[in-house]
Each structure stands twice: as C-alpha cells, then as structure tokens.
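Every heavy atom of this structure was used, including side-chain atoms; hydrogens, water molecules and symmetry mates were not. Numbered from 1 within each chain, the chains take letters A, B, ... in sequence-line order.
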Amino acid sequence: MSDDIEFYAIDPREAPQERAEVRELLAQCDLDLEEGIETFVVGRHGRRLVACAGLDHNIVKCVATAPDWRGSSLSLTLMSEIVHLALERGHLHLFLYTRPRNVEFFAGCGFHALAEVPGHVSLMENTPVGISGYCRRLAAERRPGQRIGCIVMNANPFTRGHEYLVRLAAAQCDWLHLFVVREDVSQFSYRDRFALVHKGVAGVPRLTLHHGSEYMVSRASFPDYFFKEKGIVGDCCTAIDLLLFRDYIAPALGVTHRFVGTEPFCATTRKYNADMQYWLQQAPSAAPPVAVVEVPRTSCEGVPISASEVRRLLRAGHPGRIASLVPPDTLQLLNDKYSPVFRRERPEVSA
Amino acid sequence: MQIVKEALAGTLESSDLLVKVAPAADGRLELVIESEVMRQFGAQIRRVVAETLERLGVTAGLVVVEDKGALDCAIRARVQTAVLRGAGQVQIDWSRLS
C-alpha cells in the first residue's frame, strides 16, 4: 500500500512550504514542530504529505503518520528511511523521544525503551546493547564501600567551587565517582573541561574520574540543558536524565549518594537540583533511591563561586576578577585560549 | 575481513531484516539477534548469520540483526551487504560468498 509513497529528505529551514505542511501533519497528531531539527524525512502520496520524521543530530523526534494511513506499512518504511538517513549523517546510535503509548510501535522498529515519565514521555535507543553494554563497562569500575558518592559536572570551566565540592564529597565517601559531561556544546570544549578537572582533582584519594556519556546530561538525555539561555526547562526533560542515572548508572557503580552544589545563579541548574530530590529519592522505581546531598556553595568575598559567574565575568571583559574564583590551571587556560577571543570580539575592552 | 566503520543494510519491512555492524569495542565478535519469530527460528537465524560472517572472515565486531521474518537467503544477503559496507574495502571475492 505504501509503494506509491515517495520519500525524500528536506531541511525545514530551507523549505518553508513543506515546513508548514509538516507542522500541520504534526498538529493533527498532537505534536509540535520542534526547533533544532535539521532534517525531516517526508512521505508524499501524490501531492499530499502523509508522513514525517525529524532528525536532530542523533535524536529522532516529531514522527507522525496521517491518521488514515496508520496500520499500513508506511510508518515502518518511514522509520527505515530515517535510520538510513541518520547513518549517512554519521549517526548509527539513535535516540528517540515518544509518548509512552507508542513505545510498542517503535519497539517493532528496533528501538528499546530506556526511561519513561509515566503519561508524558519515553526515551528509546535503537540498539539492544546500548545502555546494557555501557553499564557492563561501568560495573568494572565498581569499588567496595558503604557510601559510594557520585558527582556529574559540566565544569564549564572548572572553578574553586568544583574543587571544593569534589574534596568535600570525597572526604565523606568510601569512594567517589566523578563524571565530566561529555556533550561538546558548552563554551569550553570537552577536551579542555576534562583536562582541567583531571588536573584539578589530582591527588584526591579514593576517586575515579570518568568520561561522561550520552546517558548523562547529554543532548539525548537532557535536551534542554544545553539551551538553557533560551528559558525554563520543562518538567520531563530533567526526569529522563535523572531516571537514567538512578535506574542504570547508580546501580552499575553501586552509587548511594549524589553530590551537587547549590545554584544561586542559573535557573536551569537550580531546577535540575530540585528535580533531583524527587526523581533520585522519591519517585517510584525498581532501583534503590540515591540520596541527594546539596552542598552549600563556597564563596569568595561574599559571592558564591559558580562557573556561570566566571563565564559572565569573561563575557563582560573582567578577566581580573576571575583569578580568585578558579584554580591556576583554569586561569591559565582562560588567559591562553579563551580571554583573547573575548577581547577580539569586544574591541572596546582591549585597550 | 575487518569491520572498520558502522554500516547498515536492509529494512524493517515484513519478510526483511535490518543488519547493523560496528567495529568491535574489545576485539570480540558480538552477535545480537532480535526476531519476531525468535522462538521458532532463533537458532536457525543465528546459525545463518554466524555462517555468513565466517565465510566473510569476520572475527571481530558488533553485529545487530533486527529480523522481521526473513528467509535465509535474505538474511545472508543483508549480512553480506552490511559487512561489505562496514569493511571499507571494495575487493570482493564473490566465490567465497556463494
């Protein structure tokens, strides 16, 4: 039946007419056209647009089939098309957001459920050996102890505040696992952030430093985090990320406590901290609860130290005030690599 | 033959299968098979996939098969195509594949 459907890819930003048709089809299916989707595969029957599936890097979103075309093989063909297109773009490992009621359909397309906020949203991945393989590798890093701590930090960039949090958590635990957020969309590159954390925690006993993964604070697990400048984060966005942590990562490593600094400046991070209390400790889950330890931020001259404050000072052209907020290695990197960029972009402060 | 990059062959349509191959993370050959007819034919599908890989000389890599009730000949063809795409080499000894 779907043989007479023609499938092809469009860039919604460059095809306003088709973008409008996609928006209309999504609306019929109770979905919004999300920003950030660089490609849609659309299916056309004659002149009518009857199916669409969007791709935002390695995340499949906005999948819709016209109501009168459901039950045919159209949706399957559509999913095959988007999976092949994603591979052409270099993405074999895909994630997919959908409503929980559609999980069964996408399971038939090779996707496997990872986490669900009941009644709202489910995250799936297109491999049966994704998170299970990851957890198997993590479990090899397990350390014995009653109190196993974990910190997930972006360290954008690494400050005296991060240093304080790590040392305090390490002192309170039998072992501390420290992850650096891997997604490379922050102001400071992953390579630089990881190197700074590596230097900053050198000599802290009973600590393992880990590379982050797609399963923690990534574009897939927490899509809005990286666009926090744009506004408030929806309820479900933090939940998926936190459920992945509680259901998979914490059990793999035997994590009992997650440490986090209080957040005085950034609304997104503050909300993440608040949501953490619920999803890690209270929400129903097969996995044991993880105690959340929110550590009051350390201050410098009465001002709490925060990476977002360091970035603000850098943007505002006050490199001098940064020196007391960051360790020497971070300061050197800012001077060598990042500060000159700002001075070039802001000629008025270069004098 | 070595799998040096991620590759894909096939579709999710009924009577077909989708085969994904990727380089091995730890030098082992890992075979993951999912099928709508796993109970009746799971062992047979696994045997066909393993034999095809052996003929191609693939000894390491991750091979994921999503089967939708394909015949053995379709399974062989899709596995061959995915491996050849993932091997990044174009010299094909067809006699080994028949």
Side-chain angles (χ1 to χ4, degrees), chain A residues 1-3 5 7 41 43 51 53 55 58 60 63 65 71-96 104-113 124-140 211 213-214, chain B residues 2-39 41-42 45-46 49-50 53 58 60-70 74-75 77-79 81-88:
Chain A
M1 186 168 161
S2 62
D3 288 351
I5 306 268
F7 287 96
V41 168
L55 192 64
N58 63 337
V60 178
V63 180
T65 306
S72 66
S73 63
L74 173 62
S75 310
L76 266 180
T77 315
L78 175 72
M79 291 310 292
S80 285
E81 293 284 335
I82 194 92
V83 168
H84 280 275
L85 180 93
L87 184 76
E88 275 174 36
R89 307 274 159 95
H91 306 296
L92 187 75
H93 185 196
L94 301 180
F95 292 91
L96 176 139
E104 204 178 332
F105 166 75
F106 288 110
C109 302
F111 282 83
H112 298 259
M124 305 179 82
E125 66 177 344
N126 74 332
T127 163
V129 289
I131 199 147
S132 58
Y134 177 63
C135 287
R136 210 171 51 221
R137 293 191 294 279
L138 274 186
H211 289 285
S213 76
E214 288 180 296
Chain B
Q2 269 205 314
I3 295 170
V4 296
K5 62 179 182 189
E6 299 179 332
L8 201 61
T11 73
L12 294 162
E13 315 263 339
S14 190
S15 307
D16 196 0
L17 69 159
L18 189 69
V19 180
K20 297 177 218 166
V21 299
D26 48 7
R28 293 187 313 133
L29 180 62
E30 190 176 357
L31 197 50
V32 184
I33 294 178
E34 311 242 310
S35 175
E36 291 186 337
V37 290
M38 201 65 192
R39 283 202 196 142
F41 299 110
I45 296 166
R46 179 170 290 273
V49 173
L53 292 171
V58 176
L62 171 64
V63 179
V64 179
V65 174
E66 313 266 358
D67 173 65
K68 298 285 180 178
I75 297 174
R78 294 306 194 193
V79 171
T81 308
V83 168
L84 292 173
R85 285 176 180 164

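The CD atom of Glu13(B) sits 3.5 Å away from atom OG1 of Thr77(A), with the distance rounded to the nearest 0.5 Å. Between atom CG of residue Leu12(B) and atom CD of residue Glu81(A) there is a gap of 11.0 Å, rounded to the nearest 0.5 Å.
With a 4.5 angstrom heavy-atom cutoff, Leu8(B) touches chain A via backbone and side-chain atoms both. For chain A, no part of Lys5(B) is nearby; none of its heavy atoms comes within less than 4.5 Å. At a 4.5 Å heavy-atom cutoff, the contact between Glu34(B) and chain A is made by side-chain atoms alone. Of the atoms belonging to Val65(B), not a single heavy atom falls under 4.5 Å from chain A.
Checking side-chain atoms of Thr11(B) against main-chain N and O of Ser80(A) turns up no donor-acceptor pair under 3.5 Å. A donor-acceptor distance shorter than 3.5 angstrom exists from the side chain of Lys20(B) to the backbone of Asn126(A), with no hydrogens or angles considered.
Residues satisfying the side-chain contact (heavy atoms from CB on, under 4.5 Å) criterion with Arg137(A), sequence neighbours excluded, are Tyr134(A). In this structure Glu30(B) satisfies the side-chain contact (heavy atoms from CB on, under 4.5 Å) test together with Val129(A), Arg136(A), Arg28(B), Val32(B), Leu62(B), sequence neighbours excluded.
Nearest approach of Ala22(B) to Leu92(A), heavy atoms of both residues: CB-CD2, 4.3 Å. Nearest approach of Pro128(A) to Val64(B), heavy atoms of both residues: CD-CG1, 3.7 Å.
The closest side-chain heavy-atom distance from Glu66(B) to Val83(A) is not below 4.5 Å.
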